[in-house]
Amino acid sequence: MSRAKAWTLDALAAGVRGGDRRALARAISLVEDRDPLAYDVVRELYPSTGSAYVVGLTGPPGVGKSSLIGAIVRHVRERGQTVGVISVDPSSPFTQGALLGDRIRLSDHFLDPGVFIRSMGTRGHLGGLAEATLQAALLLDAAGKDLVLLETVGAGQSEVEVIGIADTVLLVLMPGSGDSVQALKAGIMEIPDVIAINKMDHPAAKTMLNEVRSILSLDREREWRPPIVLTEAVRGENVPELWEKVEEHRAFLESGGQLEERRRRNLAGEVFAAATSRAKAHLQAEVAETPELRALLERVQSRELDPLSAVRAILEQVYGIDSPNSADADGR
Ligand code: GDP
């Protein structure tokens, strides 16, 4: 890694476009480092993205996501598809593949040029991770991968952003994932497109299946009813069946023109999420660094100034926007 060759924009873009592993690895590292060259490369390659199918895989820790990815990669490779995997762990400060050897059994795929696997951890804040994931996924797409798998631990809002670009969202549960089931039931967690209940060798798997099934049956409006598949990820049992459901979802989206619509929505969402996250970081930095703005907060704290007058003053100063405190101007 220390023999870092200085890549030019052209060489890097051409390398990624040609599917060159080293170029791809380098470009993703630059993305993680927020190197200006990374933004240039993605800008250059973006018009040639959109051919990869993106599957987001999420679920609580320990349910078998990495094992399932190993099995899925094997399955799609047997069918001749190329695949890129980005494994995102928002709780981990590690980056650049530190985790990947541990979490995804690479041995099977190590020498296979049709597979590219990369882990990413938080370097800095979560917003940065979502941005980096988006860029990395675009690079894999531009590199000609047929399939991009984005994997992340289900940890609330963060994973929504990370897998926000997915065409199909696959939720992985196992017997004992009660919290996730509650979150689905309460409508806190969005209904995924496909559900895998992994560790089907566990005696409580069937109970879990029935529980999830009954929650989903409450929602009759949905045009696409999310299928639930029992799997055993270590031996790869039922993985072809699971993948068939992902492909059925894809066919469903494609047949009604919904894929296009979903991608448009996803991309707009990603732009909004990244802009919001940057705007928030900017606001925090400005307030921290500007005595005048901090004084406004202090005046609120000492009850000299009401909170929303402070909000107006801060927004005016930081962003130059006028946000009147009235009902017809709140933008909704
Ligand atoms: P992740 O944290 O969701 O990525 O989960 P891992 O793939 O790392 O799996 C967590 C543990 O569960 C590992 O010890 C796996 O070997 C084990 N495991 C994964 N899938 C299965 C399964 O289908 N059955 C059983 N019995 N164990 C599994």
Side-chain angles (χ1 to χ4, degrees), residues 54-77 83-110 115-122 129 133 136-137 147-156 158-160 162-163 166 168-184 189-190 192-212 227-246:
V54 184
V55 176
L57 208 137
T58 179
V63 294
K65 294 182 297 301
S66 330
S67 312
L68 207 49
I69 283 185
I72 289 172
V73 168
R74 217 167 300 129
H75 178 65
V76 297
R77 285 303 290 146
V83 56
V85 182
I86 308 279
S87 170
V88 182
D89 189 346
S91 66
S92 165
F94 298 112
T95 182
Q96 301 208 352
L99 293 162
L100 97 181
D102 305 338
R103 299 195 57 238
I104 296 173
R105 283 193 304 167
L106 265 177
S107 48
D108 304 358
H109 313 298
F110 194 64
V115 179
F116 186 94
I117 302 179
R118 179 67 173 254
S119 299
M120 288 175 133
T122 31
L129 187 60
T133 310
L147 179 71
V148 172
L149 295 177
L150 295 178
E151 181 239 1
T152 186
V153 177
S158 58
E159 91 267 15
V160 176
V162 167
I163 59 166
T168 296
V169 173
L170 169 60
L171 173 68
V172 188
L173 301 173
M174 67 174 201
S177 301
D179 291 352
S180 301
V181 175
Q182 286 311 316
L184 275 177
M189 192 195 286
E190 262 193 65
D193 303 304
V194 179
I195 298 177
I197 295 176
N198 190 42
K199 308 199 184 183
M200 63 184 275
D201 48 317
H202 190 286
K206 281 269 161 55
T207 315
M208 187 73 182
L209 172 70
N210 290 332
E211 223 172 300
V212 176
I228 315 167
V229 183
L230 289 165
T231 56
E232 207 286 3
V234 179
R235 291 190 306 247
E237 241 173 275
N238 270 5
V239 169
E241 288 77 1
L242 174 65
W243 197 249
E244 201 175 296
K245 296 301 175 191
V246 170

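When a ligand or atom number is given, it counts from 1 through the structure's own listing order.
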Step-by-step side chain to side chain contact (heavy atoms under 4.5 Å, CB included) determination, I72 to V239: CA-CA 7 Å; I72 289 172; V239 169; 4.1 Å; yes
Can you sort out which atoms of ligand 1 are near [X], meaning under 4.0 Å from one of its heavy atoms?
{"X": "V234", "value": "16 (O), 18 (N), 19 (C), 20 (N), 21 (C), 28 (C)"}
{"X": "S67", "value": "6 (P), 7 (O), 9 (O), 15 (C), 19 (C)"}
{"X": "G64", "value": "1 (P), 3 (O), 5 (O), 6 (P), 7 (O), 9 (O), 19 (C)"}
{"X": "K65", "value": "1 (P), 2 (O), 3 (O), 4 (O), 5 (O), 7 (O)"}
{"X": "A233", "value": "20 (N), 22 (C), 23 (O)"}

Do the side chains of [Y] and [X] get nearer than 4.5 Å, heavy atoms only?
{"X": "L209", "Y": "M200", "result": "no"}
{"X": "S87", "Y": "I69", "result": "no"}
{"X": "T133", "Y": "T152", "result": "no"}

With sequence neighbours excluded, residues passing side chain to side chain contact (heavy atoms under 4.5 Å, CB included) with E244: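 Expected list: E248.
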Polar contact flag for G62 and ligand 1 (N/O pairs, less than 3.5 Å):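 In this structure, G62 places an N or O atom under 3.5 Å from an N or O of ligand 1.
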Option whose closest heavy atom lies nearest to atom 26 (N) of ligand 1, chosen from D201, V239, L57: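 Checking each option, the heavy atom nearest atom 26 (N) of ligand 1 is found in D201.
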Options P175, S66, G236, A205, ranked by nearest heavy atom to atom 4 (O) of ligand 1, top entry: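 That would be S66.
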From CD1 (I197) to CG (L242), nearest 0.5 Å: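 It is 11.0 Å, given to the nearest 0.5 Å.
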